[in-house]
Amino acid sequence: MNAISKLSKITSPGLGSISIEYDNDPSLRNTPSDPYSVKKIILKRFDGAVVSQYQFVYSSENIYYKKYEQFFMGRLLSQVNKLDKNDMQVESTKIEFADITKLKLKLTNSGGGISIYQFGKNKQYEDHNSPAYLQLLADGLGSPDDQHYVEFNTIDFNTHHTTQYIFTVTGAANVEKTFKFTYSGSSFPPPIPTEGGDPVELVDYKIMNVTTNSGAQINSDGSSSSENTYKLLPGTYTIRIIGNGLGSIFIKELITNPPPYNNYGPATGFSLGSSVYYDKENGTPVKTISYSHDIFENGIPTSSGNGTIYSNVKETDSSKNGYTHYFYTETKGLLPQMITFETTTREIKPVAEITKQGLLSKKKYMTTPENYCRLLNMIILLKY
């Protein structure tokens, strides 16, 4: 990308200007990161005198990009400094990606105050109460929000001691439960090794009266392993080890939450889930603001996951009594509108980069426990 394509100055006649300075890092060319980064933003009066400045400091980190399935050296914003007109630092905010995999952002200001922002993956509507989805649950293929595996039993075996091990499944009669068996074992070395080595013996297991064997395969290191899912009725079962060796069988039980289920699934992108504010490191939270993105009447997220915005946001502030509902209007396909203000009529064209996140159309303040609702209708210029 050429420097000429970068915005360098915004001027408001008679008021002042905003200048933007950039740095260029050639090492970031041919990577997902833009070689150009904003170095400084300068606010000036109409006569050119500097009012204030913001300086941006970056760090480099090897980042995995799922889109390309590989790592690239990337740039991360690590600090923002507020400068006075003489380039002296007056404020500083340190930025830490506390856990990139868990989408957590930490900001530390110059006074020691800390803000932690936790993001989550977006969601989209999916019918999780239909017969087709209920069958997925029965097959153990439902959403992690609706079912998950928990530790049930671990069997450590050694055929020098015994070749049979017992476990018990409890529950309602004639109602199957789903279990995942993860097996890892190895054979004993021969007592008298032969010249040229001996073939590795396959060590496996079977559940008596249920399976013939687990279908274990010999790995490159000589060990054996397998993973299977079985549906078992309540009762006592015997596992028999096939071959001579030792190892472990890890058993997990599939737990399915009771219905009804939330009708949503994963979508592309991320959204802010909560922000927590502290007055100092390792201190007690001063305030917590949490966000949810569900339709307020029936709890179905309103994002399609394909660029469509969340049409509503619920904000709960721990320092206030109640919560706030924000309603947004989608702007996809929005056409230019003729708008009259006082005596002037102009054509207003929507700018996609500005309107693609939606426009606020309504805001509700809800207090508890009285459940008093104060509705604030936001007037927007564009009509749909």
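Bear in mind the structure is a predicted one, so any value in this text is a computation, not a measurement. Each residue takes its place number in the sequence, starting with 1.
- Listed by chain and residue number, Leu28, Ser33, Phe72 satisfy the side chain to side chain contact (heavy atoms under 4.5 Å, CB included) test with Thr31 (two or more places apart in sequence, or in another chain).
- Between Asp25 and Ser37, the side chains place no donor N or O within less than 3.5 Å of an acceptor N or O (distance only, hydrogens not considered).
- For the 3.5 Å distance criterion, the side chains of Asn122 and Ser271 qualify, holding a donor opposite an acceptor.
- With 3.5 Å as the limit, one finds no donor-acceptor pair spanning the side chains of Thr11 and Ser17.
- Between Phe181 and Phe179, the angle of the ring planes goes over 60°, which puts this pair in the perpendicular group of the 30/60° scheme.
- In terms of heavy atoms, Leu246 sits closest to Phe188 at CD2-CE2, 3.6 Å.
- At a threshold of 4.5 Å between side-chain heavy atoms, the hydrophobic network of Ile, Leu, Val, Met, Phe, Trp and Tyr places Tyr165 and Leu232 in one connected group.
- For Lys94, the NZ atom sits in a loose shell: 12 or fewer heavy atoms of surrounding residues, nucleotides or ligands are nearer than 6.0 Å.
- Here Tyr365 and His325 keep their ring centres 6.0 angstrom or further from each other.
- One side chain, Gln147 or Thr256, offers a donor N or O that lies under 3.5 Å from an acceptor on the other.
- Other residues, nucleotides and ligands contribute over 12 non-hydrogen atoms within 6.0 Å of the CG atom of Asp221.
- Environment of CD in Glu176: crowded, with over 12 heavy atoms of neighbouring residues, nucleotides or ligands closer than 6.0 Å.
- The environment of CG in Asn174 is sparse: at most 12 heavy-atom neighbours from other residues, nucleotides or ligands sit within 6.0 Å.
- Classified by interplanar angle (parallel below 30°, tilted 30° to 60°, perpendicular above 60°), the ring pair Phe167/Phe152 is perpendicular.
- The closest side-chain donor-acceptor pair between Gln53 and Asp87 falls under 3.5 angstrom.
- The residues Lys252 and Glu227 are annotated as not salt-bridged, no charged nitrogen and carboxylate oxygen being separated by less than 4.0 angstrom.
- Geometrically, Lys39 does not engage Tyr22 in a cation-pi contact, judged by NZ or CZ lying under 6.0 Å from the ring centre and within 45° of the ring axis.
- One hydrophobic cluster holds both Tyr277 and Leu107 under the rule that ILVMFWY side chains link at heavy-atom gaps under 4.5 Å.
- There is a side-chain donor-acceptor pair under 3.5 Å between Thr340 and Thr345.
- Relative to the ring axis of Phe270, Lys121 does not place its NZ or CZ within 45° and under 6.0 Å from the centre.
- In this pair, Tyr133 and His128 present their aromatic rings parallel. The plane angle is below 30°, not in the 30 to 60° band.
- Taking CD1 from Ile18 and CG from Leu43, the interatomic distance works out to 6.0 Å, rounded to the nearest 0.5 Å.
- Under the 3.5 Å distance criterion, with hydrogens and angles disregarded, a donor-acceptor pair is assigned to the side chains of Gln79 and Ser92.
- For Tyr205 and Tyr183, the gap between ring centers is short of 6.0 Å.
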### Query
Can Ile207 and Thr238 be said to form a side-chain contact (heavy atoms from CB on, under 4.5 Å), step by step?
CA-CA 6 Å; Ile207 305 175; Thr238 299; over 6 Å; no
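- Contact check on Lys123 versus Asp145 returns no salt bridge, with no Lys/Arg side-chain nitrogen under 4.0 Å from an Asp/Glu carboxylate oxygen.
- Follow the hydrophobic side-chain contacts under 4.5 Å out from Ile166 and you never reach Phe157; the two are in separate clusters.
- Residues Ile155 and Val210 are members of one and the same hydrophobic cluster, defined by side-chain heavy-atom contacts under 4.5 angstrom among Ile, Leu, Val, Met, Phe, Trp and Tyr.
- For the residue pair Ser224 and Leu202, the shortest heavy atom distance occurs at OG-CD1, 3.4 Å.
- Both Tyr117 and Ile95 sit in one connected hydrophobic cluster of ILVMFWY residues. Membership requires side-chain heavy atoms under 4.5 Å apart, directly or through other members.
- Within a 6.0 Å sphere centred on CE of Met338, other residues, nucleotides and ligands contribute more than 12 heavy atoms.
- Nearest heavy-atom pair, Phe327 versus Leu360, reported as atom, atom and distance to 0.1 Å: O-CD1, 3.3 Å.
- Enclosure of atom CG in Asn209 is not indicated, since only 12 or fewer non-hydrogen atoms of other residues, nucleotides or ligands lie within 6.0 angstrom.
- Leu254 belongs to a hydrophobic cluster with Tyr149, counting contacts under 4.5 Å between side-chain heavy atoms of Ile, Leu, Val, Met, Phe, Trp and Tyr, direct or through other members.
- Salt bridge Asp139/Lys231: absent, no basic N to carboxylate O contact under 4.0 Å.
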